Number of protein chains: 2
Amino acid sequence: MKKVVLNDIAVSLGVSKALVSMVLNHQGDKNGISKATQERVWLKAKELNYIPNHIARGLRLGKSMMIGLIVPDIANIFFSRIARIIEDIANKAGYNLIISSSDENIERELQLIRKFTERQVDGLIVASTQSTKAEFVQLKNDGFPIVLIDRSLNINDIDYIGVDNTEGSFHAVNHLIKEGFRKIALLKPGPAHLRNLRDREAGYRKALKNSGIRINERIIREIPFTNLDTKAEDELDELMKLGIDAIFAINNRLAVSTLQFARKRNINIPEQLGLITFDDLDLFEIGHPTVSAVSQPVNQIAEAAANKLLDILRLDRSVKSAQHFLLSTKFIPRESSVYVSQNAEMLSEVL
Amino acid sequence: MKKVVLNDIAVSLGVSKALVSMVLNHQGDKNGISKATQERVWLKAKELNYIPNHIARGLRLGKSMMIGLIVPDIANIFFSRIARIIEDIANKAGYNLIISSSDENIERELQLIRKFTERQVDGLIVASTQSTKAEFVQLKNDGFPIVLIDRSLNINDIDYIGVDNTEGSFHAVNHLIKEGFRKIALLKPGPAHLRNLRDREAGYRKALKNSGIRINERIIREIPFTNLDTKAEDELDELMKLGIDAIFAINNRLAVSTLQFARKRNINIPEQLGLITFDDLDLFEIGHPTVSAVSQPVNQIAEAAANKLLDILRLDRSVKSAQHFLLSTKFIPRESSVYVSQNAEMLSEVL
DNA sequence: CTGTTAGCGCGTTCAA
DNA sequence: TTGAACGCGCTAACAG
């Protein structure tokens, strides 16, 4: 069955393509096409089951009505949630989303950016790996609509939506300190080049310093991405020997490793080891023990990003000055960060 | 900065568009373009930072090199994993993915299918809500490449990849029975019109029947999608009063509800209540207790679907007879389904 | 050998 | 209400 195109309708009705196009785009009245003719066009379109070719229209209009979304990994729940929200907002404005994962790979990210521009996406939302800023600046200079999320690239000219990582971990670690924990280790993935993670570490250091606690570099541990699980175990074993009383896992992945480690070694959380982490998970709310976490406002990030991009798209290349939004996180205290002093522990055993 | 198009290169080089197109598509040799000229074209293209317009090419070629993926919800980890794998495979073959969520809404799904065809996607992979088959049959008849995943629509002509739900839950419930559980309740979301879920229920019934256990309709409970959590609690309270000893949660969402319920009521799993579920989650492996689950081969499903679609695309509209693949699931026994008899329980208390 | 011309694909728009 | 041009890249046929 051959595809039905605009011209088929025109021919079978004995009118011009132009007329059909106008009618189908609801410009019939404006162009003084008689009601009767309009009706005939609509009927014929339905009869032939006409499906407009969006590509041809895009070519003519110079718009694809597509938005590109590039994230490190769409299988990551954080990004898939963001994708979903952006999708909804974009759809409402008539845009479709074309999504790809960069896998934290700079080469791949650049490739994707190029591919998406070839595809004439009207705008881009990207959670960049720490790629060369040059590409983004280039795009921006070409007047291409871009919004960065989650990972800041510190480019003033480009809109960015993220959370205040420093503030978030500062609060979380402070909570730990106020509870009574003193020897708080930091677990981070290595090499931690991402701005995000460095900021979180800064918050940790600031909290300790603020409370007059000496920062012990020996209990700040970097766990290589490769075979993270086994390495995490070794590091944690060492940390326990150093007598730490709590852990700040800089991301949820490491918190999960810590949880597994504790289970394996029969270490009670929080009695023997306090735990807080950055970036909440369902698991932390439901598991046992429940885990205190810094929660990111996923919805807000996604909404802000989508709306920002749509704004730019609406204003059409009018180069509005870019803005950087730092949304605030929310610390959710749960069981894992309750301080159980030696005394309290003994007391509860007696009861 | 104006966009650089093919013609700009041609003009600035004093050659024809045709020549430039050939060279840039690596057809230079084939068409006898001199090496020198080819070199000049490449250099100029780089110099001008030429970016081909994929849309124009697509229009001419009648291909968009895009694949549409429609799932109920991309924020659902099951589907986002599938999306990721399909993405990788599609990318390797030069395709990009355009993804949308149907929200289990028939209207929306039909709309998306239409939108995607307007966009001239070259093929479609869809985890269909139980929408009207008519649309799919229509597309298939038009020679449009489609692969269905996860949710079967029982259309012989259309390729489908999924798992054997009946078999999967049959095994799982059997395990429960062999362990010693006898009063096994079924928890399902309602209204459960999805073929998937009905098959899982069938497996449950088959397992009981097979073991000569009477099927008690009163402990088969349907929990309305709306305010699922509160309703789940009520239902579970009733079930406990009826003296059940285990629960088969037909999907992981309900297993999570059960877990929360148990925690709230201080019910020990598995000592006081066994639990198994369909569709594994990280949470089930890490949480406490760990939860026995029927695990779906996500990778295989996604790979099979992507490859199947690419095959069809390669063969180009040659209407190969469709196939239905039913992959098998894997039951992963964990703590939640260990049977602790009255005696064993008492014994352990004494120790 | 080395290249060019002309027109297509499909929907939109403007002058007539 | 319409013919013709246009947007951009591709390709069959053709010419020196």
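None of the values given here were measured: they were computed from a predicted structure. Computed over heavy atoms, backbone and side chain alike; hydrogens, waters and symmetry mates excluded. Labels below follow one simple rule: chain letters A, B, ... track the order of the sequence lines, proteins then strands, and each chain is numbered from 1.
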Look at all strands and tell whether A:Asn25 reaches a base, only sugar-phosphate, or nothing, counting heavy atoms closer than 4.0 Å.
sugar-phosphate
Taking atom C1' of C:dG9 as reference, at what distance in whole Å does atom CD1 of A:Ile55 sit?
11 Å
Would you mind reporting whether A:Asp150 and A:Asn196 have side-chain heavy atoms less than 4.5 Å apart?
yes
Contacts of type ring pair (Phe, Tyr, Trp, His ring centres under 6.0 Å), residue A:Tyr160, not counting sequence neighbours
A:His324
Rounding to a whole Å, what distance do you find between A:Lys17:NZ and D:dT2:C1'?
12 Å
Return the nearest nucleotide to the side chain of A:Ser21; candidates are C:dC14, D:dT1, C:dG11.
C:dG11
With the side chain of B:Leu19 defined as its heavy atoms from C-beta on, choose the nearest nucleotide among C:dC10, C:dT4, C:dT13.
C:dT4
Side chains of B:Asp103 and B:Ser101: donor-acceptor distance under 3.5 Å anywhere?
no
Using OP1 and OP2 only, check whether a side-chain N or O of B:Thr37 sits under 4.0 Å from C:dG3.
yes
Report the distance from atom CG of A:Leu6 to atom P of D:dG7, rounded to the nearest whole Å.
19 Å
So that I can tick it off, tell me whether A:Lys44 and A:Glu47 are bridged by a salt bridge, with the cut-off set at under 4.0 angstrom between side-chain N and carboxylate O.
yes
Tell me what A:Arg60 touches on the nucleic acid: a base, only sugar-phosphate, or nothing, going by heavy atoms under 4.0 Å.
base
Upstream residue (5' side of DNA chain C) when B:Leu59 and B:Lys35 are each assigned their closest nucleotide
B:Lys35
Distance in angstrom units between A:Leu13 CG and D:dT2 P, rounded:
10 Å
From the list D:dC8, C:dC10, C:dT13, which nucleotide is the closest neighbour of the side chain of A:Met22?
C:dT13
Could you tell me the separation between the NZ atom of B:Lys3 and the C1' atom of D:dC8, rounded to a whole number of Å?
11 Å
Pick base, sugar-phosphate or nothing for B:Leu61, based on heavy-atom distances below 4.0 Å to the nucleic acid.
sugar-phosphate
Test: B:Lys308 and B:Asp159 ion pair at under 4.0 Å
yes
Earlier contact from the 5' end, DNA chain D, for B:Val4 and A:Asn31:
A:Asn31
Rounded to the Å, how far apart are B:Asn7 CG and C:dG7 P?
17 Å
Using a heavy-atom cut-off of 4.0 Å across all strands, would you classify B:Ser34 as base, sugar-phosphate, or nothing?
sugar-phosphate
Does a side-chain N or O of A:Ser16 approach OP1 or OP2 of D:dT1 to a distance below 4.0 Å, or not?
no
What does A:Val15 touch in the nucleic acid at a heavy-atom separation under 4.0 angstrom: a base, only the sugar-phosphate, or nothing?
sugar-phosphate
Taking the side chain as every heavy atom from C-beta outward, state whether B:Val20 and B:Val23 have any pair of such atoms under 4.5 Å apart.
no
Rounded to whole Å, CG of A:Asp8 lies from C1' of C:dC10 at a distance of 11 Å
Check the distance between D:dC6's P and A:Lys63's NZ and give it to me in whole angstrom.
22 Å
Under 4.0 angstrom between B:Tyr50 side-chain N/O and D:dC8 OP1 or OP2
no
